[in-house]
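Counting starts at 1 for both ligands and their atoms, following the listed order. Since the structure is predicted, the reported quantities are computational estimates derived from the model, not experimental observations.
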Amino acid sequence: MVHLEPRPAPHRPAGPVDPDWWRGAAIYQIYPRSFQDSNNDGIGDLAGIIHRLEHVAKLGVDAIWISPFFRSPMLDFGYDVSDYRDVDPMFGSLGDFDALIDRAHGLGLKVLIDLVMSHTSDQHPWFKESRSSRDNARADWYVWADAKPDGSPPNNWLSIFGGSAWEWDGERMQYYLHNFLTQQPDLNFHCAAVQEEMLRISRYWLDRGVDGFRLDTVNFYFHDRQLRDNPPLAPEDRNENTAPAVNPYNFQDHLYDKTQPENIGFLRRLRAVMDDYPGTTSVGEVGESQRGTQVQAEYTAGDDLLHMCYDFDFLSNVYPSGGQVAQVLERYMRIVTEGWACWAYSNHDVVRHTTRWGLGDAAARAYAGLLMSIRGSVCLYQGEELGLGEAYVAYEDLQDPYGKRFWPKFKGRDGCRTPMPWSADAAHGGFTEAHPWLPVAMEHLGHAVSKQERDPGSMLQFYRAMLGFRQAHAALRKGGMTIVAAKDDAISFVRDHDGEEVFCAFNLSDKPQDVALPDGDWTIDRGAPFRVEETAGGLRLPAWQAVFALRRTDET
Ligand code: BGC
C-alpha cells in the first residue's frame, strides 16, 4: 500500500531525555479494543484512549504500551497485520495516533507500540504476492517448503494455536509456516529484504515519535533453515509458560522452530536503528518455556541488543509463594547478569492474576506492592489497578480463536479482554453506548473507576499511592536487590541505589507475622500504603501488610 502522508515531524518532547528512563519504569498496557469506545461501534479506539489518558497519567506510571492498532483483518485482534504503516479504520487514523502521542507526551507519558514482526496477516499484500508463484519478487519473504513425498507437512512443527504449523497452499503448491493462526504466515527473516523492511517500519514509527517497542514474539523471527524436527519433551519437563496444558505444543522441545542464533544479528541491527532515537526502549516478548531466562540473558547482553525482555515467570498458573518469588529473582539475577527485567502478573493473553492465583483484596495489594518493589521494570495491564478478576465469557460470546480451539479445558483469552468498567451507572460501564464486542462483566461494575475514585480505601487509590512511593525512591526503581529472607508466606529484601537502601518485607499470609530489620540504622518509611505495628519486641506485620525502612549508606 502506498502512503502519501508527508514524513511527519517527530512528536517527541523537546528538552533533555533521561536515556535510562525505562530502567525501573512502570508501563501500563492498553488493549485498545477494550479500553474506551469513542464512536459507538462497540470497539475501543485511539480517540477513546486519548479521552482516558488522564486516568493513566494520574496512576503515576511512566509509559503506556498499546497493543496493535495497525490495519488488520482482526482474526487475532490486531496481531495479524495487513499494513504496518497505517492505523486500522476501526481504531481511527494516523492523525489520531499523532494526537495520542502529543497528548501522552503532554501528560509526561512515554508511548510504546507493539510491533508484530514475526508474522503478518495472510491478507498482507506481501503474502498475496509471495503465494502467487515460486519466482515472484517476494517469493522468499515467507517460509515455504515442499510437501514430503507422501504429501504430509515438511516436519513436525506445531502451531501454538493448535495443529501443524504448516498450511498447504494450493496456489503455490507448497506448505507455508505459521506459528499461530493459519492466517498468520511467518515471515522469513533469513531473507535480507524482510529484515530491511522491518527496520524501515521501525524507523517509520520512531519518526512519528514513539518512545519504543514491545516486540511481539521476539524469539520467533528466525527458524532453522534445515527445517529439522523438534525433539519430544519428557512429560516431566513440560512447562506451561508459553501454551496451556491441553496444548500439544508443550510436548516438544522447540529447538528448531524458533530462538535461532541468527536472531542476535537482527536484534543488533534493530538496536542500531533505535540508538538513532535517544531515549527509546524495547521490551522483547520471549515465548520460550525451556530456556526463557537464558534467552533473555542473550538478548539483553551488552548495550547493543534489546533493552529489556518481558519475563513469563509471574504469568504462570502457579501461585508464587515468597520462596518461589525469591527463587525466580535470584535465578534471574544469576543468569541475566547484564540485562534488565520487565515483570508482569497480567496481560491480554493470560487469566487475570487475582483469579489465577485466587487472591482476595488484601492479598492482591500485597502482591502488587511486591511487584512494584522488586528489581526490574513492571507492566500493569489495564484493569489491574481496579483489582479486576477474570470475567466469565459464555461460549456464545467467545471471540478468541484460541479459546474456540481448546474449549472448554482452555477458554481462551477473552476473559481478560472484556471492556474497562469506567462508570458503575452508565450502560456497559461507560465503555460504549453500543453493543460491546465482548460483554462488560457485571461483577466488574462494582470495581468501576467512578466508584474507586470516590473511595480513599479503594484498590485504585492503593495503586496510585504505591506507584507514588516507588517514584519517590530511586532505589525501588533502579537499585540492586539482595534477598534477606524468604519462606512460603513472607519475603524480605534490600534494594540499594546511590547511597540509599530500602529494606522491604512482605507478609504474604492472612496471619500477623513478626519481622526484624537487618542490623544497622534503619528508619521506617510510612509513605507506602501498608501498615506495620511496633510492639515491645520489635515490628509486627498484620495480615498481608508490608514494611519499608530506609538507611543511607554514604553518611557513615
Ligand atoms: C501476543 C498474542 C498473539 C501472539 C501472536 C503474542 O504473544 O501477545 O496476543 O496472539 O503473540 O502474535
Side-chain angles (χ1 to χ4, degrees), residues 27 29-35 65-82 84 88 112-124 127 142-143 157-163 165 167 177-187 189 198 213-221 223 240-244 247 249-250 254 257-259 282-289 292 295-296 299 309-312 314-316 342 344-352 379 381-382 398-406 410-418 437-438:
I27 303 166
Q29 183 194 351
I30 295 179
Y31 192 69
R33 287 182 81 85
S34 303
F35 201 55
W65 140 29
I66 316 176
S67 280
F69 49 79
F70 315 102
R71 261 186 203 269
S72 161
M74 302 289 167
L75 293 179
D76 190 19
F77 302 109
Y79 285 90
D80 48 329
V81 178
S82 57
Y84 287 95
D88 195 279
L112 309 187
I113 63 168
D114 201 330
L115 272 192
V116 191
M117 303 215 238
S118 178
H119 45 266
T120 69
S121 156
D122 65 348
Q123 297 309 304
H124 199 297
F127 186 68
Y142 293 83
V143 185
W157 296 354
L158 294 174
S159 153
I160 294 196
F161 288 166
E167 180 72 3
L177 178 68
H178 61 92
N179 289 299
F180 296 90
L181 295 175
T182 53
Q183 296 90 348
Q184 289 169 298
D186 204 69
L187 279 162
F189 271 73
M198 283 303 164
F213 305 118
R214 181 259 188 187
L215 297 165
D216 189 64
T217 57
V218 72
N219 58 320
F220 284 65
Y221 295 170
H223 64 284
E240 286 134 36
N241 259 356
T242 314
N247 193 340
Y249 189 84
N250 294 319
H254 292 272
D257 50 353
K258 58 185 180 185
T259 325
S282 52
V283 188
E285 183 205 26
V286 175
E288 163 59 65
S289 300
V295 177
Q296 293 190 53
Y299 286 10
C309 280
Y310 188 78
D311 191 278
F312 276 65
F314 298 133
L315 292 165
S316 103
C342 186
Y345 288 165
S346 281
N347 66 23
H348 65 296
D349 289 333
V350 296
V351 171
R352 286 185 179 272
C379 287
Y381 178 52
Q382 65 183 47
L398 222 61
Q399 301 286 333
D400 184 13
Y402 197 8
K404 291 180 186 167
R405 178 72 169 75
F406 289 104
F410 170 66
K411 297 193 172 64
R413 302 166 295 177
D414 293 320
C416 64
R417 296 176 175 180
T418 58
W437 77 286
L438 273 175

Under 4.0 Å, heavy-atom basis, I'd like to know which part of Phe161 is in contact with ligand 1: side chain, backbone, both or neither. side chain
What do we get for His178 next to ligand 1 when only non-hydrogen atoms under 4.0 Å count, side chain, backbone, both or neither?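 The answer is neither.
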Can you tell if the side chain of Asp114 reaches within under 4.5 Å of the side chain of Tyr31, non-hydrogen atoms only? no
Pairwise side-chain contact, Asp216 with Phe180, heavy-atom cut-off 4.5 Å (strictly under): no
Is the closest heavy-atom distance from Met117 to ligand 1 below 4.0 Å?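 Checking ligand 1 against Met117, which is what was asked, there is no heavy-atom contact under 4.0 Å.
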Please name the pair of heavy atoms, one in His178 and one in Gln184, separated by the smallest distance, quoted to 0.1 Å.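 In this case the closest contact between His178 and Gln184 is CB-O, 3.4 Å.
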Just jot down the ligand 1 atoms closer than 4.0 angstrom to any heavy atom of [X], in number order.
{"X": "Arg214", "result": "8 (O)"}
{"X": "Arg417", "result": "9 (O)"}
{"X": "His119", "result": "5 (C), 12 (O)"}
{"X": "His348", "result": "1 (C), 2 (C), 8 (O), 9 (O)"}
{"X": "Arg413", "result": "2 (C), 3 (C), 9 (O), 10 (O)"}

Thinking salt bridges, do Asp76 and Arg413 make one under a 4.0 Å N-O criterion? yes
Check the side chains of [Y] and [X] for a donor-acceptor pair under 3.5 angstrom, ignoring hydrogens and angles.
{"X": "Ser67", "Y": "Gln29", "answer": "yes"}
{"X": "Asn219", "Y": "Tyr299", "answer": "no"}
{"X": "Tyr142", "Y": "Thr120", "answer": "yes"}
{"X": "Asn179", "Y": "Tyr249", "answer": "no"}
{"X": "Tyr79", "Y": "His348", "answer": "yes"}

Does an N or O from Glu285, backbone or side chain, lie closer than 3.5 Å to an N or O of ligand 1?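 Right, the criterion is met.
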Out of Asp216, Asn347, Asp400, whose heavy atom sits nearest atom 6 (C) of ligand 1? Asp216
Can you tell me which residue and heavy atom of the protein come closest to [atom], and the distance to 0.1 Å?
{"atom": "atom 9 (O) of ligand 1", "result": "Asp349 OD1, 2.7 Å"}
{"atom": "atom 4 (C) of ligand 1", "result": "Phe180 CE2, 3.8 Å"}
{"atom": "atom 3 (C) of ligand 1", "result": "Asp76 OD2, 3.3 Å"}

